[in-house]
Amino acid sequence: MRIVKLTADTKKDLLSSLLKRSPGNYGQFETAVAEIIADVREKRDEAVFAYTKKFDKCEIDASSLRVTGAEIEEAYAQTDEKLVEVMKKSAANIRDFHARQLHNSWMDMRADGSMLGQKITPIGISGVYVPGGKAAYPSSVLMNVIPAKVAGVEKIIMTTPPGADGKVYAGTLVAADIAGVDEIYKVGGAQAIAAMAFGTESIPKVDKITGPGNIFVALAKKACFGHVSIDSIAGPSEILVIADETANPRYVAADLLSQAEHDEMASAILITTSEKLAEEVGRQAGLFLKELSRREIIEKSLENYGYILVADTMADAVEAANEIASEHLEILTANPYEVMTKIKNAGAIFLGEYSSEPLGDYYAGPNHILPTNGTAKFFSPLNVDDFMKKTSIISYSKEALEAAHEEIERFARSEGLTAHANSIRVRFE
């Protein structure tokens with residue numbers, strides 16, 4: 001890994017390099033995605049079946065599109081029993097964490113007879129997209145579905161691409177069953193997003209689409225936003241570690257590589273106040289590479305977006321971390337809790353040397369669907385609120401409105417909206 005002195009210029013160059021990974025920079029694919037969406041809107045099931053044959057090499061029709069109970073039973077039989085138990089424990093942790101995010105509707109009654117409040121209602125139908133093939137991650141099924149279940153969403157459907165044999169990855173089906181998905185459909189890519197956004201003869205239209213996917217899926221979600229709500233336009237995975245001289249270099253190197261193995265555009269960054277640690281982390285990373293199965297992907301990721309930045313002070317390290325606003329942020333310092341209080345922008349924060357990032361990916365409970373590409377400055381992890389609608393409640397008595405009507409009318413007239421003013425005025429003629 002390259003070791004660079006942290007300066008204003010190197011920080012600027014790094015931020016510019018990271019932003020190139022944004023899905024917004026892949027406009028050359030937008031035309032193809034738009035054609036797929038338009039085709040699905042017009043031809044519905046027919047287009048879905050045609051694209052599944054074209055891209056997934058799988059013949060599918062209305063009778064085989066939806067995953068059956070028998071297929072789910074078969075998936076359980078193909079999945080290691082101990083892994084199933086781990087998934088169930090993980091699901092319980094995720095459920096417990098997200099249950100703490102629930103909010104209740106409220107009403108505020110005032111002495112003047114007015115009443116204000118907020119009604120909180122879950123969305124009707126949620127759709128989750130799950131990649132297939134080498135990118136099939138059952139953990140993401142749990143993370144996308146369980147918050148919706150906790151929110152009280154009435155119906156949750158899932159789309160995921162089939163293999164050429166017409167089957168879905170067994171682990172994905174088991175995770176979906178544990179999480180409580182109601183219906184599963186064998187369709188992937190931009191065509192799956194379009195099917196959920198607009199509905200077909202077989203696949204219902206949903207109110208919100210969540211879940212990761214390739215660039216075509218990301219652009220399809222972007223194009224369908226407005227017709228349907230989405231979670232975010234996710235970019236490649238990223239990790240940033242803040243460490244001082246007390247950190248274990250072997251732990252730091254292992255954690256950096258844990259994200260670099262996702263894909264060649266993943267970023268892994270260490271910011272440290274110790275030159276000695278920087279050099280040792282680089283050496284340990286090289287040793288790990290000799291034994292890791294995804295070595296080629298990791299090497300490409302580190303070559304493109306792997307950095308070790310040496311900062312003069314911890315304050316400089318924190319400032320850079322807040323500007324980068326990483327998806328995952330580990331703090332491995334003598335007092336990680338003190339450093340954490342100064343962090344403003346991060347998707348998830350991991351404190352201490354035994355809080356390795358994969359703990360959040362699989363088991364702890366907080367959601368691993370996190371803002372990427374600096375969007376942690378204004379986005380949050382996927383949570384229960386993402387599956388809730390908030391409706392304002394307003395009720396005034398005659399006496400309460402009478403006390404305020406002249407002020408309201410004056411405000412309306414100042415904006416030239418005389419019909420607004422008249423709507424209030426006629427009640428006191």
Side-chain angles (χ1 to χ4, degrees), residues 15 18-19 21-24 90 93-104 118 120-123 126-129 137 139-153 156 179 206-213 217-218 221-222 225-226 228-240 242 259 262 267 318 321-331 337 339-351 355 357-391:
L15 289 169
L18 293 178
L19 287 174
R21 300 152 62 248
S22 169
S90 177
N93 292 341
I94 296 166
R95 193 174 294 110
D96 289 346
F97 179 85
H98 288 83
R100 295 174 180 268
Q101 299 174 344
L102 281 168
H103 298 290
N104 296 319
Q118 183 172 262
I120 300 179
T121 311
I123 63 175
S126 178
V128 57
Y129 181 83
Y137 299 124
S139 59
S140 284
V141 177
L142 303 179
M143 293 291 182
N144 277 279
V145 175
I146 291 175
K149 295 293 288 188
V150 171
V153 174
I156 301 174
V206 304
D207 300 310
K208 181 159 194 158
I209 300 173
T210 66
V217 169
K221 288 169 69 177
K222 179 181 177 182
F225 178 66
V228 65
S229 176
I230 63 171
D231 49 356
S232 63
I233 310 296
S237 187
E238 53 199 32
I239 185 172
L240 190 152
I242 296 178
Q259 293 307 293
H262 269 295
S267 74
V318 168
N322 279 326
E323 289 193 47
I324 294 169
S326 185
E327 177 187 18
H328 307 99
L329 172 64
E330 289 189 5
I331 303 177
Y337 296 93
V339 176
M340 181 267 291
T341 64
K342 300 171 184 175
I343 297 298
K344 299 178 181 178
N345 306 317
I349 301 174
F350 300 79
L351 301 174
S355 303
E357 187 279 334
L359 178 66
D361 275 349
Y362 295 107
Y363 198 78
N367 211 290
H368 79 199
I369 310 297
L370 302 168
T372 58
N373 276 106
T375 59
K377 292 178 179 178
F378 45 83
F379 279 145
S380 304
L382 189 70
N383 61 83
V384 168
D385 281 350
D386 287 310
F387 301 95
M388 294 286 202
K389 302 182 285 91
K390 298 177 177 69
T391 304

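Atom set for the values below is all heavy atoms of this structure, side chains included, hydrogens, waters and symmetry mates excluded. Predicted, not measured: the structure shown is a model, and the values here were computed from it.
- Of all heavy-atom pairs spanning Ile369 and Ser140, the tightest one is CD1-OG, 4.4 Å.
- Taking every heavy atom of both residues into account, Leu351 and Ile331 meet most closely at CD2-CD1, 3.8 Å.
- The closest side-chain heavy-atom distance from Ile94 to His368 is not below 4.5 Å.
- Rounding to the nearest 0.5 angstrom, the gap separating the CG atom in Asn144 from the CD1 atom in Ile146 is 10.0 Å.
- When every heavy atom of Tyr129 is checked against every heavy atom of Pro212, the shortest pair comes out as CD2-O, 3.1 Å.
- Counting only heavy atoms from C-beta outward, the side chains of Pro236 and Asn373 approach each other to under 4.5 Å.
- Residues Val318 and Ile343 are in side-chain contact: their nearest non-hydrogen atoms beyond the backbone lie under 4.5 Å apart.
- Ring-plane geometry between His262 and Tyr137 is classed as perpendicular, the angle between the planes exceeding 60 degrees on a 0 to 90 degree scale with a lower cut at 30.
- More than 12 heavy atoms of other residues, nucleotides or ligands shown are found within 6.0 angstrom of NZ on Lys390.
- In terms of modelled atom types and a separation under 3.5 Å, the side chain of Lys208 and the main chain of Asp386 share a donor-acceptor contact.
- A pairwise comparison of heavy atoms in Asn383 and His98 identifies CA-CD2, 4.2 Å as the closest pair.
- Contact record, Ala364 with Asn93: O-CB, 3.6 Å, taken as the closest heavy-atom pair.
- Under a 3.5 Å cut-off, the side chain of Lys221 and the backbone N or O of Gly211 do form a donor-acceptor pair.
- Leu329 contributes atom CG, which lies 9.5 Å from atom CD1 of Ile324 (distance to the nearest 0.5 angstrom).
- Residues Val153 and Pro122 share a closest heavy-atom pair of N-CB, 3.9 Å.
- Rounding to the nearest 0.5 Å places NE2 of His328 at 5.0 Å from OG of Ser237.
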Taking it one step at a time, do Leu142 and Ser90 satisfy side-chain contact (heavy atoms from CB on, under 4.5 Å)?
-> CA-CA 8 Å; Leu142 303 179; Ser90 177; 3.9 Å; yes
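- Considering only heavy atoms from C-beta on, Pro381 comes within 4.5 Å of Leu370 through its side chain.
- Atom CD of Glu323 sits about 6.0 Å away from atom NZ of Lys377, to the nearest 0.5 Å.
- Note that CE of Met340 and CD1 of Ile349 are 6.5 Å apart. Values are rounded to the nearest 0.5 Å.
- In this structure, Glu238 contributes its side chain and Glu327 its backbone to a donor-acceptor pair below 3.5 Å.
- Looking only at distances, no side-chain donor or acceptor of Ser126 sits under 3.5 Å from a matching main-chain atom of Ile156.
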Under the side-chain contact (heavy atoms from CB on, under 4.5 Å) criterion, do Thr210 and Phe387 qualify, and how do the steps go?
-> CA-CA 10 Å; Thr210 66; Phe387 301 95; 3.9 Å; yes
Let me see the working for Ile230 and Lys222 under side-chain contact (heavy atoms from CB on, under 4.5 Å), right down to the final yes or no.
-> CA-CA 8 Å; Ile230 63 171; Lys222 179 181 177 182; 5.6 Å; no
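- Remark: the backbone N or O of Val384 is not paired with any side-chain donor or acceptor of Asn367 at under 3.5 angstrom.
- Side-chain contact between Gln101 and Asp385 is absent, with no heavy atoms from C-beta onward closer than 4.5 Å.
- When the shell of 6.0 Å around OH of Tyr337 is examined, it contains 12 or fewer heavy atoms from other residues, nucleotides or ligands.
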Checking side-chain contact (heavy atoms from CB on, under 4.5 Å) for the pair Val141/Val128: CA distance, chi angles, key distance, verdict?
-> CA-CA 8 Å; Val141 177; Val128 57; 5.9 Å; no
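- In this structure, CD1 on Ile209 lies 9.0 Å from CG on Asp231, to the nearest 0.5 angstrom.
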